[in-house]
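Reckoned from all heavy atoms, side chains included, excluding hydrogens, waters and symmetry mates. Everything numeric in this text was worked out from a predicted model, so none of it was measured.
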Amino acid sequence: VERSFLVESPRGELMQVELLRPVTAAGGEGFVVRVLDECWETWEDTEDIGDAAVLVDAAGAVAASTRVCPALRPNTVYYAVDLEGETRVWAYRLAGKHKRIEVVEVLPTADGYRAPCFWFAPVYSQRQP
């Protein structure tokens with residue numbers, strides 16, 4: 001395991017997301033997702049996180065509802081990798097027999113600046129009358 005993150009799903013489940021190997025090529029190993037059972041005693045492997053997408057970056061991970069963020073694919077883990085001159089965003093679909101990682105976006109970096117990629121999740125609040 002390269003990295004491991006705790007994430008709360010939009011459904012309120014606690015998930016453990018493990019990056020198995022740095023994702024530097026489409027043939028990378030990918031992710032394992034475990035969900036804490038209802039009794040909060042056992043981690044169970046899952047290939048179904050419902051309408052959630054997990055965004056993993058250099059510092060942590062966050063889950064988002066694909067109903068609220070329709071540009072994200074359900075049941076998918078996204079990971080950004082900074083390479084020479086660009087950032088590649090990879091998508092790893094959890095379900096299915098033949099899992100694969102694919103590049104979904106390539107973003108150029110500014111000249112002379114290579115900061116790690118971080119995700120930002122909007123937080124909405126509603127004032128009570």
Trace of the side-chain contact (heavy atoms from CB on, under 4.5 Å) decision for V33 with L94: CA-CA 8 Å; V33 177; L94 291 170; 3.8 Å; yes

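- Distance CZ/F5 to CZ/F31: 8.0 Å, rounded to 0.5 Å.
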Step-by-step side-chain contact (heavy atoms from CB on, under 4.5 Å) determination, V106 to R88: CA-CA 5 Å; V106 177; R88 291 185 185 172; 4.2 Å; yes

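- Clustering ILVMFWY residues whenever any of their side-chain heavy atoms sit less than 4.5 angstrom apart, transitively, puts V54 in a cluster other than the one holding L6.
- For the side chain to side chain donor-acceptor pair (under 3.5 Å) condition, the pairs that include at least one residue of residues 58-72, sequence neighbours left out, are D51-R67.
- In terms of hydrophobic clustering, with Ile, Leu, Val, Met, Phe, Trp and Tyr side chains grouped at heavy-atom distances under 4.5 Å, W43 and I49 are assigned to different clusters.
- Scanning for salt bridge (charged side-chain N to carboxylate O under 4.0 Å, His left out) contacts around R73 gives E102, with sequence neighbours left out.
- Applying the side-chain contact (heavy atoms from CB on, under 4.5 Å) criterion to D48, with sequence neighbours excluded, gives T46, N75.
- With sequence neighbours excluded, the residues forming a side-chain hydrogen bond (donor to acceptor under 3.5 Å, both in side chains) with R11 are E13, listed by chain and number.
- Contact record, Y78 with A71: OH-O, 4.4 Å, taken as the closest heavy-atom pair.
- For the atom pair CD (E8) and CG (L14), the distance works out to 7.5 Å, reported to the nearest 0.5 Å.
- Counting all heavy atoms, side chain and backbone alike, W40 lies closest to L36 at CE3-CD2, 3.3 Å.
- Judged as a side-chain contact (heavy atoms from CB on, under 4.5 Å), and not counting sequence neighbours, E38 has no contacts.
- The shortest distance between side-chain heavy atoms of L55 and L72 falls below 4.5 Å.
- When all heavy atoms of R93 and P74 are compared, the pair lying nearest together is NH1-O, 2.7 Å.
- Every side-chain contact (heavy atoms from CB on, under 4.5 Å) that E105 has, sequence neighbours left out, goes to V89, L107.
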